[in-house]
Participant: 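Here it is, the structure, as structure tokens.
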Number of protein chains: 2
Amino acid sequence: MSLNKPSSKRAALLDAAKQLLWERGYEAMSPRDVLDRSGAGHGALYHHFTGKQALALSALEEIAAEEMHALDEIFLGRLPPLQRVCGYLRRERSALRGCRLARLANESAIESEAFRQPIAAFLEHIATHLQACLKAAQQDGTLAGNLDPAAIAAALVAVIEGGFVMARVYWEPAKMRLAIEGALQLLDSVSTEARAGG
Amino acid sequence: MSLNKPSSKRAALLDAAKQLLWERGYEAMSPRDVLDRSGAGHGALYHHFTGKQALALSALEEIAAEEMHALDEIFLGRLPPLQRVCGYLRRERSALRGCRLARLANESAIESEAFRQPIAAFLEHIATHLQACLKAAQQDGTLAGNLDPAAIAAALVAVIEGGFVMARVYWEPAKMRLAIEGALQLLDSVSTEARAGG
DNA sequence: GTCTATAGAAGGATAGAC
DNA sequence: GTCTATCCTTCTATAGAC
């Protein structure tokens, strides 16, 4: 407690903001909510950050870093490229909670470049991984060569993000799984690998 | 002006609400905004509706009806089934504005069944049309028979909704088009029709 | 049916003590 | 660095006149 550790409340504020951004989004996250959950007082917030916006931005950047790191782990490994794609698509997700980053796509704050940046970087990170796998699959002959890897990667990212939207609109996680299943069937049809299950 | 038309402000309120729901979403749409835009006074709103929620719900239902009707027109006609699917996917959209209905997926109000209903009905309407086309295509032999129409339809809906999200996150309408292009390439690869341009 | 006046609560931030 | 006290604005709704 009396260790020489500066700003113990700063981390608590960031943690609370990260949770609330996922649960409620940016506009619906009030400074009061953050304070209650973090246990910090009003002063701490405005000492460490210029305001709600700056706090949210720092939180967003941490979230993006965490998620991109998690992605790297999924795409690591020596599996055949299309199986890595499949592994990403089948990844366990809490569909009803929505995408931790892209859930903010429809907030008015998204019109700010600074706010958009970490979210776009995250989507781009997914697309880059997918595209690399698709190219590798084309080179080793397991994926049809006439497809555009960038376009297919974008479509797959859209299936994931759209799947989150569907799960929430129907309030049924299975809807997201169904959409992903459809994407896998299409992908399977254009691949020449032995079927691995699905 | 002096015609015997009851509640002229009711329609104005609904119109304003329909616009604002698209532009800002539910929580960010304040009664004040609606009044300013509609030209109605405070009293008119609370006379015709019990409050903001009821107004938004009525507006949502009108929006869903309009959009479903527009869908019916797109899927009408005598084109081959896969070309109708293609026509829907290529439909002109204002990507940066987001989906008029599903843009509300991440508002906390979505947890209410009544709020969800018109939005889910809209997505279901799209999926139903798509699924019918895919089944027809399988029957006339232009689509691979091993695919599950329900899953493919869900995947295509997800591509559209996810495409909207991507366009807004990147603030680049082309991102949505790229995702749709990827879906079309996949669909094209599992169809046996002569290429119609892709 | 429509308006103005008003109200209680919450949002977001500043000032200044400790 | 952290807290409490305070401030102004906006949100959503009610009351009651016209």
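These numbers come from a predicted model, not from an experiment. Order of the sequence lines sets the chain letters (A, B, ...), proteins ahead of strands, with each chain counted from 1.
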Participant: Which nucleotide in the set D:dT2, C:dC3, C:dG1 lies at the smallest distance from any side-chain heavy atom of B:A44?
Facilitator: C:dC3
Participant: Between B:H42 and D:dT14, does any side-chain N or O lie under 4.0 Å from OP1 or OP2?
Facilitator: no
Participant: Across the strands shown, which category fits A:G43 at heavy-atom distances under 4.0 angstrom: base, sugar-phosphate, nothing?
Facilitator: base
Participant: If two hydrophobic side chains count as joined below 4.5 Å and joins carry through other members, does B:L104 share a cluster with A:V169?
Facilitator: yes
Participant: Please determine whether a side-chain nitrogen of the Lys or Arg among B:R37 and B:E23 lies less than 4.0 Å from a carboxylate oxygen of the Asp or Glu.
Facilitator: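 Answer for the salt bridge query: yes.
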Participant: Consider the side chain of A:Y46, meaning its heavy atoms from C-beta on, and name the nucleotide among C:dG1, D:dT2, C:dG12 that approaches it most closely.
Facilitator: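 Nearest to the side-chain atoms of A:Y46, counting from C-beta on, is C:dG12.
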Participant: Given D:dC3, C:dG12, D:dG1, identify the nucleotide with an atom nearest to the side chain of A:K52.
Facilitator: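 The listed nucleotide nearest to A:K52's side chain is C:dG12.
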Participant: If you check every side-chain atom of A:P31, which of D:dT12, C:dG12, C:dC3 has the closest atom?
Facilitator: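 Taking heavy atoms from C-beta onward, the closest nucleotide is C:dG12.
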Participant: For B:L45 and C:dA5, what is the distance between atoms CG and P respectively, to the nearest whole Å?
Facilitator: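 Spelled out: CG on B:L45 to P on C:dA5 is 18 Å.
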Participant: Rounded off to whole Å, could you give me the CZ-to-P distance for the B:R32 and C:dC3 pair?
Facilitator: 13 Å
Participant: Hey, does the side chain of B:S30 come within less than 4.0 Å of D:dC11's phosphate (OP1/OP2), counting only N and O?
Facilitator: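 Yes, B:S30 has a side-chain N/O under 4.0 Å of OP1/OP2 on D:dC11.
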Participant: Under 4.0 Å between a side-chain N/O of A:K9 and OP1 or OP2 of D:dT2, yes or no?
Facilitator: no
Participant: Counting side-chain heavy atoms from CB outward, which of C:dT2, D:dC3, D:dC11 is closest to B:S8?
Facilitator: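 Minimum distance to the B:S8 side chain belongs to C:dT2.
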Participant: So, A:E124 versus B:Y170: side-chain donor-acceptor pair below 3.5 Å or not?
Facilitator: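 A pair is found: one side chain offers a donor N or O, the other an acceptor, under 3.5 Å apart.
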